[in-house]
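Side-chain atoms are counted along with the backbone in the values below, which use heavy atoms only and exclude waters and symmetry mates. Numbers restart at 1 for each chain; the letters A, B, ... are given by sequence-line order, proteins then strands.
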Amino acid sequence: MTDWLLIIAALTLVSVAAALWRVASGPTTVDRMMGAQLVGTSGVAILILLAPTSRSGWAALDVAVVLALLAAFASIAFVKAVSRDGRGDPEEDA
Amino acid sequence: MTGLETSTIFAYCGAALIGIGIYGFLVRRHMIRRLIAFNVIGSGVFLLFGATGARQPDLGVDPVPQALIITGLVVALAATALVVALTVRYAHLTKRATLREDLPDEQGGS
Amino acid sequence: MIGPAFDLLLALIVIAVALAATLGRDNFGAVVFFIVYGSLLAVAWTRLGAVDVALAEAAIGAGLTGLLLVGALARLSRLEVFSPKPPGAGARALCALTAASVAAVVAYALTGLDPDGGGLTETVAADLDRSGVQNPVTAVLLNFRGYDTLLESIVLLVVLVGVWSLAQDRHWGGAPGLAQHARPDGVLATFARALPPIGLLIGVYVVWVGTSEPGGAFQGATILAAVWLLAAMAGLTDAPSVTRRSVRVIVIAGPALFLAIGTVGALAGTFLALPPDHAKRLIQVIEAGLTISIAATLALLVLGFPQRAPP
Amino acid sequence: MSLAALFTVVFTSAGLFFFIAGAVGMIRFPDMHSRLHALTKADNLGLGLIVIGVMPQVDRPVTALKLVFIWALALVASAVTAQLLARSAAPPDLCEDG
């Protein structure tokens, strides 16, 4: 079972790497910003798959909790910074 | 360290990251880019340090390097915040995010 | 066999992402790749079994650093800063050669390491009973090497003074950063109202389990700082003026408490030595104080120097 | 193979399928809003399936609760990101209350 979970985790990692091509090529800044959300979700998935195989046991799950909690923060900082006056939010601008 | 173990792989990965960070630090002129490169060097050192402390797989990572790395991560964040503040203030004053020494001659550098 | 294959793949992707973050042409893309890099390193630390470090890396690399750099780059591009061309091919080749030789020397040094070097793991394990906690990393941070942690908390204070010193005279006494606002019934404001209780719970949990399982004051404080910054970004709360006494007391309280307990230890024998019978209680008190101070300091550091005139 | 192991194999494979689908969408879709859709929907379904798949392997019930909690957090984070990023990139006349 450990091997199986590692294989799935490795393949998820490959799919992340492929999707990172979009972060590198853009073209828009929002396309690039998606990279943060991408590793947020996929990183959590990989950590969940690694937790049962980890030498430190299920404690690794706490890392996934932290990553999931903070996944949206960089995107929020981004949308605030690119809003009309640099400190608003996109819904006000609409 | 040789062989194909988790600790060996990440120790060499740390060595490569140090090299990449040094190259970026030397070549990049935008201060934020240089800051990122500096942080890559730092995390390469941390990874190397942590991985060499995990040479005996059954013992896990040595807690002393782990504690020092956690301290180092927080200090690196503080240093990053200081550089960001300096860069923003510098850009306010000069409209540049590049140090004067890094400017080519025709653009007013020394 | 699958384990090393996964590690090798992860290491290669980490290196590729680091290359993209340092060499990519687009500045904004570089910042995003650096956030990606932080998250992937958290996975690498988990694979190594260093969950304490993985927690710190996830909270700092994927959380606070992202907030800091995205905000900074946006501010700089708003100022329309001028960016120069990269150096010529000759200079770049020389830099590449320098960087590659440093990496090669470090890698060569690794080949000479004793493969069975155990380090201090057993030394720490032998004294763990007298440290008051079961997590060896917390034992090192707050008991065996308390000096480091005390000095680190003071370094954070010094950096805060440094950042604040950059304020213009007319802004001194104002609140740090810019006044934020958002649509009160919007997605962002709703998220920023719903998340802080959960974030507070997770932050306190990470500090609390730190005595027996991976976690601790630094990781918990980083989470708390990030969650407070979310509320500030949504305009739900605002940073207090940098001259307010309560701000000063909060950022100093943790290090002061640590120093006070250390001094009591000095009177009883050794500076910063915790008596084994009371070690657990004392570590919990120090961690609680440090968590509050570090969380406040980190949040203030990310906000930056005062940019508003005092009201 | 035990029933629990079979369950894990089936659900984690299904989860992986959606992660790959999300990555393909990220790369192939023609415009930014479709790509955002691929990222924030497919990946979350994939994560949910992986959470369900890992569930039989847990050591104690509270770990299973933690897994569900992580998924809920990731769902909320994705939903918020999708909304805000899409809004910040949308032309003003497309927003219904614009």
Picking from [options], which has the most non-hydrogen pairs under 4.5 angstrom with chain D?
options                    : result
A/L67, A/T28, A/L49, A/T29 : A/L49
A/L38, A/I76, A/I7         : A/L38
A/V30, A/V16, A/V44        : A/V30
A/A45, A/P27, A/A36        : A/A45

Would you mind telling me which of [options] has the largest number of heavy-atom pairs within less than 4.5 Å of chain A?
options             : result
D/D43, D/N44, D/D59 : D/D59
D/S78, D/A82, D/G46 : D/S78
D/T40, D/I70, D/L75 : D/I70

Measuring only between side-chain heavy atoms, which start at C-beta, is [X] closer than 4.5 Å to [Y]?
X     : Y     : result
D/W71 : A/I48 : no
A/D62 : D/K66 : yes
A/D31 : D/R35 : yes
A/S75 : D/L84 : no

Toward chain A, the part of [X] with a non-hydrogen atom under 4.5 Å:
X     : answer
D/V58 : both
D/L39 : side chain
D/F29 : backbone

Looking only at non-hydrogen atoms, find the nearest pair between [X] and [Y] and report the distance.
X     : Y     : answer
D/T63 : A/L61 : CG2-CD2, 3.6 Å
A/T41 : D/F19 : O-CZ, 4.3 Å
D/A23 : A/S15 : CB-O, 3.4 Å
A/M34 : D/M32 : CE-O, 3.5 Å
A/R22 : D/I27 : NH2-O, 2.6 Å
A/A72 : D/T81 : CB-OG1, 3.6 Å

If only side-chain N and O atoms count, and only distance matters, is there a donor-acceptor pair under 3.5 Å linking A/W4 with D/T8?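 D/T8 vs A/W4: no donor-acceptor pair found between side chains.
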
Using non-hydrogen atoms only, which part of [X] is less than 4.5 Å away from chain D: side chain, backbone, both, or neither?
X     : result
A/S42 : both
A/F78 : side chain
A/L5  : side chain

Take a 6.0 Å sphere around CZ of D/F69 and say whether it holds more than 12 heavy atoms from other residues, nucleotides or ligands.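 Enclosed: over 12 neighbouring heavy atoms sit under 6.0 Å from CZ of D/F69.
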
To the nearest 0.5 Å, tell me how far D/T12 OG1 sits from A/I8 CD1.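 These two atoms lie 4.5 Å from each other.
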
